[in-house]
Amino acid sequence: MQRLGIYIHWPFCKSKCPYCDFFSRVKKDINQEEFISSYLSDLEYYRSLNDNYMVESIFFGGGTPSLIEPQYIEKLIDKTSSLWKCKDNLEISLEANPNTDNGNLFADLKQAGINRLSLGVQALNEKDLKFLGRTHTLAQAYKSVESVLQNFDNHSIDLIYARPNQKPQEWEEELQNACNLGLKHLSLYQLTIEENTFFAQKGIKSAEDDIAEELYKISDEVMKSFCYNRYEVSNYAQKNFECHHNLGYWEGFDYVGIGNGGIGRIHITNDIYNTYYPRKQEIITKTERAEELLIMGLRLTKGINKDLFMKNCGVGLDKIIDKQALNILKKDGYIFENKNNIKVTEKGNFVLNYIINKLVGL
Ligand SMILES: C[S@@+](CC[C@H](N)C(=O)[O-])C[C@H]1O[C@@H](n2cnc3c(N)ncnc32)[C@H](O)[C@@H]1O
Ligand code: SF4
């Protein structure tokens, strides 16, 4: 029985952050009951396409899924477990924004069945919270973290760094403060300026490449000193607290995507399909899926397990990699390869996109 992740996307937010290119809209008075009822039927639909799955994770992402009323979260979880076999201790994550914390939010989400909470803190200083257009204050961020820690055993926060003019020493101190909170997991994202965002229109630039590299190195050092292990380019966890759902994407397991920002990759008989809203699916070739998995897998610190790769997409890694480019990248110290694995080295991490382009022959 194949492993499956369920991604449930909630496309609404209380406000639009100036850097954010995710599919999200600011809209009040959403008829949640109507939305959720269509989500429940979509789950049934995907089950009708393939019921031979074992669900290992559910992830509520967004947008701002902490705006979904907890009673509906519970319904979606119950529905999933009535449709497919589910692993014991199923990981059920939700991304929450501190601006939705009404004091009871995290207790209610726990009650609804969430067992992993990821909080979008983004910065631990007042000035940068304002710059990033966040509508929570530093005090609110700390208060929400405290409540997350009280209610969950498995928790994470997101921080965005490589902000314009960010000073290495300030980032080091900010990150140390974050590490001192006692969370099991941290996601540290370098600010990217995406086209059509408010930041792009205003000509705002993230930190220069050499500073961004320095900030990345500092992140690694600080995280290591607090016993967090980098298991993916932007993700750090204490032992056994990696995000199982996201690992599923990077390792190439199938997932169902629910909601109008949710895409999926599922097998129907022996073919692989790209699924997207509303209940559309198109076949993708095994080579297309293999290239996708190469891009995802190289983000992992442990790299790609060749057997698992073959099992998940039906194509051997050696069939899609440009051998000449691989040999040069190995000789130059960007890639490490043995019989079972292929991975990007520390040095290679700074030029990951270049490496990927070379390997797929671009
Ligand atoms: C899908 S967003 C949802 C999080 C939630 N809505 C919130 O804002 O708290 C997931 C994460 O992506 C990161 N992110 C979004 N846009 C980004 C950008 N342009 N650069 C770097 N990180 C970004 C943020 O850290 C954010 O928490
Ligand atoms: S960062 Fe989060 S809250 Fe801000 S617009 Fe994007 S999804 Fe919404």
Side-chain angles (χ1 to χ4, degrees), residues 1-12 22-24 30-65 67-95 112-116 243-286 288-290 292-293 296 308 311-314:
M1 194 171 282
Q2 296 173 65
R3 164 176 161 184
L4 185 73
I6 307 281
Y7 178 74
I8 298 175
H9 183 257
W10 189 251
F12 302 108
F22 282 87
F23 181 72
S24 70
I30 311 292
N31 186 336
Q32 292 209 3
E33 188 159 359
E34 222 169 80
F35 264 88
I36 299 302
S37 121
S38 77
Y39 281 22
L40 295 171
S41 346
D42 287 352
L43 281 167
E44 284 174 4
Y45 173 72
Y46 287 113
R47 151 63 152 65
S48 74
L49 300 180
N50 187 344
D51 60 359
N52 190 29
Y53 277 125
M54 167 74 82
V55 176
E56 294 205 1
S57 60
I58 305 176
F59 193 103
F60 290 87
T64 303
L67 288 169
I68 307 176
E69 287 175 36
Q71 54 160 327
Y72 296 129
I73 302 268
E74 195 172 342
K75 277 196 171 153
L76 289 161
I77 296 172
D78 288 350
K79 186 62 155 188
T80 302
S81 44
S82 73
L83 292 173
W84 287 281
K85 287 212 166 60
C86 289
K87 191 184 158 203
D88 291 343
N89 306 320
L90 181 67
E91 179 190 274
I92 310 177
S93 305
L94 182 136
E95 285 178 341
I114 299 298
N115 57 27
R116 180 177 183 277
C243 175
H244 191 64
H245 183 84
N246 285 339
L247 271 175
Y249 295 141
W250 295 315
E251 291 178 344
F253 291 98
D254 285 8
Y255 54 99
V256 156
I258 300 290
N260 51 6
I263 55 153
R265 292 286 181 273
I266 57 168
H267 277 77
I268 304 175
T269 58
N270 271 331
D271 292 318
I272 307 175
Y273 284 80
N274 166 32
T275 69
Y276 52 98
Y277 184 84
R279 298 187 186 181
K280 295 255 195 268
Q281 69 251 9
E282 62 192 11
I283 200 161
I284 54 172
T285 66
K286 294 201 162 60
E288 281 170 327
R289 181 66 175 142
E292 228 174 51
L293 294 199
M296 307 269 252
L308 186 60
K311 199 168 151 230
N312 281 340
C313 68

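Quick note: numbers below take in every heavy atom, side chains included, and nothing from hydrogens, waters or symmetry partners. Just so you know, these numbers come straight off a predicted model, no measurement behind them.
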Give me the atom names and distance for the closest heavy-atom approach of Trp10 to Thr64. CD1-O, 3.3 Å
Between CD1 of Ile266 and OG1 of Thr275, what distance do you get to the nearest 0.5 Å? 5.5 Å
Among Tyr273, Trp250, Tyr249, Tyr7, which one satisfies ring pair (Phe, Tyr, Trp, His ring centres under 6.0 Å) with Tyr255? Tyr249
Heavy-atom pair with the smallest gap, counting every atom of Arg289 and Cys313: CG-CB, 3.8 Å
pair Leu40-Leu76: side-chain heavy atoms closer than 4.5 Å: yes
Are any non-hydrogen side-chain atoms of Ile30 and Leu67 less than 4.5 angstrom apart? no
Do other residues, nucleotides or ligands put more than 12 heavy atoms under 6.0 Å from Asn52 CG? yes
State, to 0.1 Å, how close Ile268 and Leu49 come at their nearest heavy-atom pair, and which atoms those are. CG2-O, 3.9 Å
Got Ile68 and Phe12 here, is their nearest side-chain heavy-atom distance under 4.5 Å? no
Tell me, do Arg265 and Phe253 make a side-chain contact under 4.5 Å, heavy atoms counted? no
Is there a side chain to side chain contact (heavy atoms under 4.5 Å, CB included) between Leu90 and Thr80 once you walk through the steps? CA-CA 11 Å; Leu90 181 67; Thr80 302; 5.7 Å; no
CG/Leu94 to CD1/Ile77 distance, rounded to the nearest 0.5 angstrom? 8.5 Å
Look at the side chain of Glu95 and the backbone N and O of Gly62, then say whether any donor-acceptor pair between them is shorter than 3.5 Å. yes
Side-chain donor/acceptor pairs under 3.5 Å, residues 82-89, sequence neighbours excluded:
residue : atom : partner : partner atom : Å
Ser82   : OG   : Lys79   : O            : 2.8
Trp84   : NE1  : Asn50   : O            : 3.0

What are the two closest heavy atoms between Pro11 and Tyr39, and how far apart are they? CD-OH, 3.7 Å
Indicate the atoms forming the closest heavy-atom contact of His9 with Gly63, along with that distance. NE2-N, 3.8 Å
Tell me if a side-chain donor or acceptor on Asn274 pairs with a main-chain N or O of Ile263 at a distance below 3.5 Å. no
Atom pair CZ/CG of Arg279 and Asp42 - distance to nearest 0.5 Å: 4.5 Å
dist Ile258:CD1 -> Leu43:CG (nearest 0.5 Å) comes out at 4.0 Å
Criterion side chain to side chain contact (heavy atoms under 4.5 Å, CB included) on Lys75 and Ser37, from CA distance to verdict: CA-CA 9 Å; Lys75 277 196 171 153; Ser37 121; over 6 Å; no
Pairing residues for Asp254 by the salt bridge (Lys or Arg N to Asp or Glu O under 4.0 Å) criterion, not counting sequence neighbours: none
Just verifying a value: how many Å separate Ser57 OG and Ile92 CD1, rounded to the nearest 0.5 Å? 9.5 Å
Polar side-chain atom of Asn312 near backbone of Glu251 as donor-acceptor pair, under 3.5 Å: yes
Might you work through the side chain to side chain donor-acceptor pair (under 3.5 Å) test for Tyr46 and Gln281, ending with a clear yes or no? CA-CA 10 Å; Tyr46 287 113; Gln281 69 251 9; 5.7 Å; no
For Glu69, look at atom CD and say whether over 12 heavy atoms of other residues, nucleotides or ligands are found less than 6.0 Å away. yes
Aromatic contact, Tyr277 with Phe23 (centres under 6.0 Å): no
Taking all heavy atoms of Arg3 and all of His244, pick out the closest pair and write down the distance. NH2-O, 3.1 Å
Quick check: do Tyr53 and Val256 have side-chain heavy atoms less than 4.5 Å from each other? no
Gap between atom NZ of Lys286 and atom CG of Asp271 - 0.5 Å precision: 5.5 Å
